Each structure stands twice: as structure tokens, then as C-alpha cells.
Amino acid sequence: MMQQKTIPLSAWAQMALLALIWGGSFLSIKLAVAETGVLSTVAIRVAGAAAVLWAVLLPMGYRVPREWRVWGALFVMGFLNNALPFTLITWGQQSIPTGLAAILNASTAIFGVLIAALAFRDETLTARKALGVALGFLGVATAIGLRNFASLDLTSLAQLAVLGASLCYALSGTFARHALGGLPPQVAAAGMLTASAAMMVPLALMREGLPPAHHSAAAWAALGYLAVIATALAYLLFYRIIARVGAGHASLVTLMVAPVSILLGALLLGEVLPLRAYAGFAILALGLVILDGRLFRRQRPAVTLSEPGSP
């Protein structure tokens with residue numbers, strides 16, 4: 001028996017930094033897509049992040065996978081975890097505020113529980129999980145406002161696009177457990193970003209051409225932030241946090257991203273969200289806490305199993 005991992009103050013600081021980084025990604029997408037096409041924004045993000053990750057990992061002794069089977073899985077992951085959801089979120093943020101996009105993106109865990117329950121025998125949908133899922137969807141519905149779907153306008157479609165991205169993330173997590181269990185997570189991240197770049201760069205060039213060189217400094221800074229900070233560095237930091245406190249504790253970052261994005265959108269873009277968005281996030285956050293279940297477990301001294309060091 002081993003003691004359950006706790007979260008030291010330094011790990012909380014790393015989680016807060018990661019929440020700030022990912023919360024800032026929604027702001028950067030808004031700034032980048034204002035001057036760059038949707039496909040070009042995503043292509044620059046994934047290609048730049050892949051280059052940075054390999055530049056860091058190869059000197060550390062990590063190796064590029066050589067098996068065709070592994071690369072086939074990485075291409076599926078690249079599509080589900082990067083190319084498609086990044087495109088959906090970027091397109092959606094042309095029409096909805098950054099804070100609302102972050103709130104809807106937090107539904108990833110809700111979809112993940114449902115898909116895992118269908119895919120794996122050891123992920124049954126217990127009564128507690130069912131309650132968490134129900135509250136999560138109620139929170140999403142509250143944040144969107146069901147009356148907005150009376151006519152499927154651009155705003156409604158944008159919100160559905162962000163929800164579609166959350167579904168993609170959940171599907172990719174289930175697929176990764178099935179197909180990439182033996183691959184170091186850092187290599188899996190670099191590989192799927194490489195696969196994403198192989199998909200998105202040609203598509204962006206065909207549909208939108210080369211990005212214009214006369215972008216503003218803010219747009220170029222946003223693109224650089226998305227590639228280097230919000231994707232490459234964020235992946236490395238996330239896996240470092242998992243190694244320290246376990247995947248379960250690391251998932252608490254999900255609850256910290258949306259408030260950061262809401263605050264940045266209000267301070268830097270003057271965005272004002274309707275009250276239903278805040279109420280929806282509160283309900284969604286309660287659902288995520290119930291899904292996590294940590295607050296409802298009795299404290300047992302030194303009898304709980306330690307959480308895995310990596311997913």
C-alpha cells in the first residue's frame with residue numbers, strides 16, 4: 001500500500017501557470033484569427049509546436065517512432081486531438097467571446113466520462129458519475145441559453161463547434177489509452193503534432209495561401225504564443241505536473257482555465273458575458289467536482305493506492 005499523492009505548493013504554482021497559459025490561448029486565438037485565416041492559424045500553431053517539441057526532446061534522448069502502426073495511431077490522434085478541435089475552436093471564436101469558448105471547452109471531461117464508459121469495462125457509469133455528467137450538461141445548456149437555438153444563427157453554430165471540439169478531445173483520450181499506451185507521452189505529443197502539421201499545412205496553403213507578411217505585431221505574437229507557449233510548453237508542463245501529482249490531480253487544471261480566460265477577455269478585449277454564462281460555469285464546475293469525487297471520499301491514512309505517474 002502507498003499513500004495517495006498530495007499536491008505540494010510548488011505543484012499548485014505549476015498548475016496555476018498552466019491554467020494561465022491555456023486560459024491565454026483563447027485570447028491568442030481571438031487576436032490571431034482576426035488577421036489570419038482559420039486554417040493558417042491552426043497550421044502555424046501545430047507546425048511550430050511540433051518543431052519546438054522535437055528540438056527539446058531529441059537532445060534529451062527521446063527517439064522518433066519508426067513503426068508504421070505507431071504513426072498510423074499518431075495521425076488519428078493528430079486529427080482528433082489537434083487538427084479538428086483546434087480548427088473548430090478557432091472558427092467558433094470568430095463569433096463568440098473567449099470566456100464562453102473556455103466554458104464550453106470545459107465540457108471535455110463530461111464527454112470523456114461517457115465515452116470511456118462505453119469503451120472500457122473498468123469505466124462504468126456509476127450513480128455519482130451520472131449525476132456529474134447530468135450537471136455538466138445542464139451547465140453547458142445554461143451557459144449557451146437554449147432559446148438561442150430557436151434559429152441556428154452563426155453564434156449558435158460557433159458554440160456547437162466548440163462543443164464539437166470538446167467531443168474530439170474526449171474521443172482522442174479514449175483512443176490514446178487504446179493505441180498509444182506504450183509510448184512516452186512527450187513523444188506522443190510531438191508525434192501527433194507532427195501528424196497534425198502534415199495535415200494542416202498543405203490544407204492551409206491550398207485554401208488560404210501563404211499568410212500575409214503585413215500582420216500586426218499583436219497577431220504575430222499571438223501566433224507565436226499559440227505554438228510555443230500554449231501548445232509545446234503547455235504539453236511539457238502538463239506532463240511534468242502529472243509526474244508529480246498524478247493524472248487525477250492534474251485534471252483540476254480544467255476548473256482553473258475558464259476563469260482565467262473570462263478575466264483576460266474582460267480586461268483586454270472588453271468582453272461582457274451574460275449572467276447565464278457564469279451560472280452555467282458554476283453548474284458545470286459542480287458537475288466536474290462530483291465527477292472527480294475526491295471531495296466525497298473519506299480520508300483513510302496511508303491506505304489508498306498511488307495514482308499513476310503518467311497517463
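Everything numeric here is computed off the predicted structure, so don't read it as measured data.
- Going from atom OH of Tyr278 over to atom CG of Leu273 covers 4.5 Å, rounded to the nearest 0.5 Å.
- Heavy-atom minimum distance, Ile262 versus Gly99: CG1-CA, 3.7 Å.
- Using a 4.5 Å heavy-atom threshold, the side chains of Leu268 and Leu31 count as separate.
- The side-chain hydrogen bond (donor to acceptor under 3.5 Å, both in side chains) pairs that include a residue from residues 198-212 are Ser40-Glu208, where partners are two or more places apart or lie in different chains.
- For the residue pair Arg244 and Pro8, the shortest heavy atom distance occurs at NH2-CG, 3.5 Å.
- When all heavy atoms are compared, the tightest approach of Val52 to Ala232 is CG1-CB, 3.7 Å.
- Ile44 belongs to a hydrophobic cluster with Trp220, Leu223, counting contacts under 4.5 Å between side-chain heavy atoms of Ile, Leu, Val, Met, Phe, Trp and Tyr, direct or through other members.
- Here the OG1 atom belonging to Thr41 is positioned 9.5 Å from the CE atom belonging to Met200, to the nearest 0.5 angstrom.
- Listed by chain and number, the residues in a side-chain hydrogen bond (donor to acceptor under 3.5 Å, both in side chains) with Ser216 are Glu35 (sequence neighbours excluded).
- A donor-acceptor pair under 3.5 Å is formed between the side chain of Ser28 and the backbone N or O of Gly24.
- Hydrophobic cluster membership of Leu275, counting Ile, Leu, Val, Met, Phe, Trp and Tyr whose side-chain heavy atoms lie under 4.5 Å apart directly or via other members: none, as it forms a cluster of its own.
- Note on Leu171 and Leu84: same hydrophobic cluster, where clusters join Ile, Leu, Val, Met, Phe, Trp and Tyr whose side-chain heavy atoms are under 4.5 Å apart, directly or indirectly.
- In this structure, Ile29 and Phe86 have side chains that are not in contact, with every pair of non-hydrogen atoms separated by 4.5 Å or more.
- Remark: Ala47 pairs with Ala197, Val201 by the side-chain contact (heavy atoms from CB on, under 4.5 Å) rule, at least two apart or across chains.
- In this structure, Val162 and Ile89 approach most closely via the heavy-atom pair CG2-CA, 4.5 Å.
- Residues Ser261 and Leu27 form no side-chain contact, since every pair of their non-hydrogen atoms from C-beta on lies 4.5 Å or further apart.
- Minimum heavy-atom separation, Leu57 to Gln186: CD1-O, 3.3 Å.
- In the hydrophobic clustering (ILVMFWY side chains linked at under 4.5 Å, chained through shared members), Val272 stands by itself.
- Judged by distance alone, the side chain of Ser172 and the main-chain N or O of Met77 form no donor-acceptor pair under 3.5 Å.
- A chain of hydrophobic side-chain contacts below 4.5 Å, direct or via other Ile, Leu, Val, Met, Phe, Trp or Tyr residues, connects Val133 to Leu284.
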Ignoring hydrogens and angles, write down the donor-acceptor pairs under 3.5 Å from the side chains of residues 104-119, residues two or more places apart or on other chains.
unit_1	atom_1	unit_2	atom_2	d
Ser107	OG	Leu104	O	2.6
Ser107	OG	Ser166	OG	3.3
Thr108	OG1	Asn105	O	2.8

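- The distance from the CD1 atom of Ile283 to the CZ atom of Phe137 is 14.0 Å, given to the nearest 0.5 Å.
- Hydrophobic clustering (ILVMFWY, side-chain heavy atoms < 4.5 Å, transitive): Leu138 and Leu131 are in one cluster.
- Within the structure, side-chain hydrogen bond (donor to acceptor under 3.5 Å, both in side chains) pairs that include any residue of residues 86-104 comprise Thr98-Glu271 (at least two apart or interchain).
- Of the possible polar contacts, one joining the Ser196 side chain to the Gly78 backbone as a donor-acceptor pair under 3.5 Å is found.
- Distance alone, capped at 3.5 Å, places no donor-acceptor pair between the Arg45 side chain and the Ala227 backbone.
- Taking the side-chain hydrogen bond (donor to acceptor under 3.5 Å, both in side chains) definition, one finds that Tyr235 meets it with Asn81, Asn82, sequence neighbours left out.
- Tracing side-chain contacts under 4.5 Å through hydrophobic residues (I, L, V, M, F, W, Y), one never reaches Val289 starting from Val260; they form parts of separate clusters.
- Ile21 approaches Ala234 most closely through the heavy-atom pair CG2-CB, 4.1 Å.
- For the side-chain hydrogen bond (donor to acceptor under 3.5 Å, both in side chains) condition, no pair includes a residue of residues 131-141, sequence neighbours left out.
- Screening residues 49-77 for side-chain hydrogen bond (donor to acceptor under 3.5 Å, both in side chains) gives Trp54-Thr194 as the qualifying pairs, with residues at least two apart or on separate chains.
- The number of heavy-atom neighbours closer than 6.0 Å to CZ of Phe79, taken from other residues, nucleotides and ligands shown, is 12 or below.
- Rounded to the nearest 0.5 angstrom, Leu88 CG and Leu163 CG are separated by 10.5 Å.
- In this structure Arg240 satisfies the side-chain contact (heavy atoms from CB on, under 4.5 Å) test together with Gln14, sequence neighbours excluded.
- Between Tyr239 and Pro184, every side-chain heavy-atom pair lies at or beyond the 4.5 Å cut-off.
- Summarising the geometry, atom OG1 belonging to Thr174 is positioned 15.0 Å from atom OH belonging to Tyr169; distances are rounded to the nearest 0.5 Å.
- Distance CH2/Trp22 to OG1/Thr231: 9.5 Å, rounded to 0.5 Å.
- Under the 4.5 Å side-chain heavy-atom criterion for ILVMFWY residues, a single connected hydrophobic cluster contains both Leu236 and Val64.
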